[in-house]
4 protein chains.
Amino acid sequence: MTHKSKRHADPALVEARRTQVLDAAADCFRRKGYHGAGMAEIARTAGMSAGHIYNYFESKEAIIESIIEQDMQEMFSIFQEFEEQPGDILTILLGSLHKGVQRHMDTGACVIDLDMMAEAARNNKVATLLHEADTQARDRMRQLLISDRSLLKSHSEQELDSRINVIFSMMAGLFLRKMLYPELTEETVLIALRPAMKTLLMPFEVHDEVL
Amino acid sequence: MTHKSKRHADPALVEARRTQVLDAAADCFRRKGYHGAGMAEIARTAGMSAGHIYNYFESKEAIIESIIEQDMQEMFSIFQEFEEQPGDILTILLGSLHKGVQRHMDTGACVIDLDMMAEAARNNKVATLLHEADTQARDRMRQLLISDRSLLKSHSEQELDSRINVIFSMMAGLFLRKMLYPELTEETVLIALRPAMKTLLMPFEVHDEVL
Amino acid sequence: MTHKSKRHADPALVEARRTQVLDAAADCFRRKGYHGAGMAEIARTAGMSAGHIYNYFESKEAIIESIIEQDMQEMFSIFQEFEEQPGDILTILLGSLHKGVQRHMDTGACVIDLDMMAEAARNNKVATLLHEADTQARDRMRQLLISDRSLLKSHSEQELDSRINVIFSMMAGLFLRKMLYPELTEETVLIALRPAMKTLLMPFEVHDEVL
Amino acid sequence: MTHKSKRHADPALVEARRTQVLDAAADCFRRKGYHGAGMAEIARTAGMSAGHIYNYFESKEAIIESIIEQDMQEMFSIFQEFEEQPGDILTILLGSLHKGVQRHMDTGACVIDLDMMAEAARNNKVATLLHEADTQARDRMRQLLISDRSLLKSHSEQELDSRINVIFSMMAGLFLRKMLYPELTEETVLIALRPAMKTLLMPFEVHDEVL
DNA sequence: GATGAATGAGCATTCATTCAT
DNA sequence: CATGAATGAATGCTCATTCAT
């Protein structure tokens, strides 16, 4: 997955250059999209020649794959925070909700996600990476929900899976909303999102089952 | 928007050919993506020459625009159904929830939506069409929620807007879930989705505000 | 040269249709140029289908060739006028000069001429037709200049050839002037053109030879 | 107008490549015309790939624009010569007449001019460039004709304008003559051209006005 | 390590021409 | 006689990738 082909003398320099390219690429993808951004522009942004990039990445595809790996790291650290925070899960997650909304309504970041998903539909490597990241994310979430600090600790696996997926769906869907309806604000979203999230983090009331 | 350019003798043939192209294009876009599918391939799939397509569509862009319009029509007819169904809104929407889930977890259809969104980020015409479609969808939804048959008829505009967007977010997000986690079933999703949807269609409880 | 291929029942209708096409084509070429005008547009202007044109002309090229033949006829009739007018040649030609200027500064007509010349550079058939037309034009002009009513009747062949070519050059060049300098008026041109033409139609003064 | 787009390390190489392309393009345009010559052929003639041309020229249009600019430079240097030569204008211009004839009867060069004119009829940028070049040429000519060394220094603007345009018409028209009548020699042309030019560079005789 | 000159396959689109009806 | 649906080769141009220096 990581720098397979070329032989490099100085691993530190290699990592620095890779970061340089990754940052530049993320910036370009944000502004122009994955297909809209050319290698020439990425190279210019990274402050190196187009050809040189190929000493650190096998292809343009390999760049977006690396970015996905980076994003996975970020996601892990978010779950890390949740896990380290004291208090019950419901309070923690609702307390962090506004930050989650913020992250999922940041159009800059979202455009890349959109491109990554679209790419995943056709590109197996990307699909696999995203799938892996998602599997881990669901797992971390599951750990959270079955911990002693959660109100859902003794629920069935399937119900947990459902809750997790609906939560993720609701959050990830926000960037679609923001794209189609840019006037939508985080504050507005939170009005209904908080109760919905609360529902998803608490045992369902009995008469729910009736419906 | 609708076939302005060429003069055609037989309107039935025109419609047949347009459908032929639209179907072929949808198929190709599904498999290769909007940018990945070439006109040559679309033509081959449609069983006609590449040049001939231009007798029915001004450009490749016009094809995806037509597909968007088709989708809009479908969406309208869904809202039409809701409006025509007797009973209270909550019951109607919860009753149709499984159909909505089914539709939003159909990866075939959704992959095109993904491409359209990605295209919208770069292509103004597409963005405008999607924005229009969404505006109308939100409006229809709002009409539903403020009707006499709804429990939310006297809520504030902002709260309604929030509910609508969270509902749409949750539903639209499902196809992202299905893409990242193909094993996810509609039944599983419904377990948590129904209570969440119920929350979003009913007045919030007072102590929600405390959180 | 004229309608070789297809068998037609009614020769009168054929000629009517050919004229229809020729007129339409001339109009389109004037507005859009030879390459700019498409067969579809010519067909529309002629009030018939594109395919039908091919029953009367082998190709687009054949159309411009026919137009050239038409123009040749016009040119002949102009010389006919000169030949039939009473009086000396100098007076006749100077008297008609304003009409010649008018014709050669008509941008509509000139654009076609330009295209025909450009086409001639690459297309042998067109080149041959234009060459033939020109040969005949020079010949008619020569007949005029050696007639009893001319001041140049006993000049050498080479000098006559020179005069004719310079006269034609000066007149034909006017449309290049009009294209590059559209504000140029016929009146302005005539101020210097008349004396120059007079020089070209009268014996040169002796001391001219000195220069 | 002058290579704005790409960053290049070696300006000498850039100039060499540009020249290479310009020469190849001129050659192709001569043989096939501006529209007839494809980028592929130009590239092959220039000994480089089609894509590479775009590192030196923004478009095919930019190539012909560069050729026009080149021609403009040549024209300027011709007027420069006239301005720097000692003696009266009449003598200078008549003395250079044979060179002018030579240049305007060089079919190779002129065929491109023809294409440029034809292109100008449809392409605004080309039209503007040619118009500018012509405006400057007329201006330089006018300066020549109103200098102390000219016999026309005190003539009216309109008459000067007329003389200049007729002179240009006569000269530019020569290449049309050469195209239609390739046997025409420079010597033959000069026989009548010289007296006509002389007329155009000297005050008209009084009885001219009578005609 | 680093450059950027060079490649060439690929793209959407146009249009003269053909031919079944 | 007449149509217009259909073709397909050709066009200008882009861009990820390679490689001599």
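Computed from a prediction, not measured in an experiment: that's the story for all the values here. Here is the naming used below: chain letters follow the sequence lines, and residue numbers restart at 1 for every chain.
Residue D:Y54 places its side chain closer to F:dC13 than to any other of F:dC13, E:dT13, F:dA2. Distances were taken from every side-chain heavy atom of A:K60 (C-beta onward) to each of E:dA6, F:dA2, F:dA16; the shortest belongs to F:dA16. Distances from the side chain of D:N55 to the nucleotides F:dG8, E:dA6, F:dA2 place E:dA6 closest. Checking F:dA16, F:dA2, E:dT17 against every side-chain atom of C:H52, the shortest atom distance belongs to F:dA2. Distance from the side chain of A:M39 is smallest for F:dT17 among the nucleotides E:dG1, F:dT7, F:dT17.
Each of A:E61 and D:A40 was matched to the nucleotide of DNA chain F holding its nearest heavy atom; the match closer to the 5' end belongs to D:A40. Annotation: of the two residues near DNA chain E, D:D10 and B:G38, the 5′-most nearest-nucleotide partner is D:D10. Comparing B:R17 and A:A50 by the nucleotide of DNA chain F that holds the closest heavy atom to each, the one mapping nearer the 5' end is B:R17. Residue whose closest nucleotide on DNA chain E sits further toward the 5' end, between C:S59 and B:G51: B:G51.
For the pair A:E41 CD and F:dT14 P, the computed distance is 15 Å after rounding to whole Å. Across the protein-nucleic acid pair, B:L13 atom CG and E:dT21 atom C1' stand 13 Å apart, rounded to whole Å. One atom, CZ of B:F57, and another, C1' of F:dA5, lie 16 Å apart when rounded to the nearest Å. If you measure from atom CD of B:Q20 to atom P of F:dA5, you get 13 Å, rounded to the nearest angstrom. The nearest whole Å value for the distance from the CD1 atom in A:I63 to the C1' atom in F:dT17 is 12 Å. Per the geometry, CZ belonging to D:R18 stands 16 Å off C1' belonging to E:dA5, to the nearest Å. Between the CD1 atom of A:I53 and the C1' atom of F:dC15 there is a distance of 13 Å, given to the nearest Å.
Contacts between residues 25-36 of chain D and DNA chain F, defined by a heavy-atom separation under 4.0 Å, are absent.
Using a 4.0 Å cut-off between charged side-chain N and carboxylate O, A:R122 and B:D115 make a salt bridge. By the 4.0 Å N-to-carboxylate-O rule, C:K32 lies close enough to C:E41 to be salt-bridged with it.
In plain terms, the two heavy atoms of D:R30 and D:V111 that are nearest each other are O-CG1, 3.8 Å. Taking both residues in full, the closest heavy atoms of A:Y54 and A:S59 are given as CE2-CA, 4.0 Å, listed atom of the first, atom of the second, then distance. Scanning both residues, D:V21 and D:I42, for their nearest heavy atoms gives O-CG2, 4.3 Å. Among all heavy-atom pairs drawn from B:R18 and B:Y56, the shortest one is NH1-O, 2.8 Å.
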Inset, instruction - For side chain to side chain contact (heavy atoms under 4.5 Å, CB included), just list the numbers for B:N123 and B:I64, CA-CA rounded to whole Å, side-chain angles, deciding distance to a tenth of an Å, and then say yes or no. - result: CA-CA 11 Å; B:N123 175 331; B:I64 210 175; 5.9 Å; no
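Of the possible donor and acceptor atoms, one in the side chain of D:K60 sits under 3.5 Å from a partner among the backbone N and O of D:Y34. Judged by distance alone, the side chain of B:H8 and the main-chain N or O of B:L13 form no donor-acceptor pair under 3.5 Å.
Within the 4.0 angstrom heavy-atom criterion, only backbone atoms of the sugar-phosphate kind lie near B:M48; the bases stay farther away. Among the protein residues, B:A37 comes within range of the sugar-phosphate backbone only, with heavy atoms under 4.0 Å from sugar or phosphate atoms but none that close to a base.
The neighbour count for D:N124 CG, taken as heavy atoms of other residues, nucleotides or ligands under 6.0 Å away, does not exceed 12.
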Inset, instruction - Let me have DNA chain E in dot-bracket notation, would you? Count Watson-Crick plus G-U wobble pairs, both distances under 3.5 Å, and use [ ] for pairs crossing earlier ones and | for inter-strand partners. - result: .||||||||||||||||||||
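Put simply, A:S49 has no side-chain N or O that comes within less than 4.0 Å of OP1 or OP2 on E:dG4.
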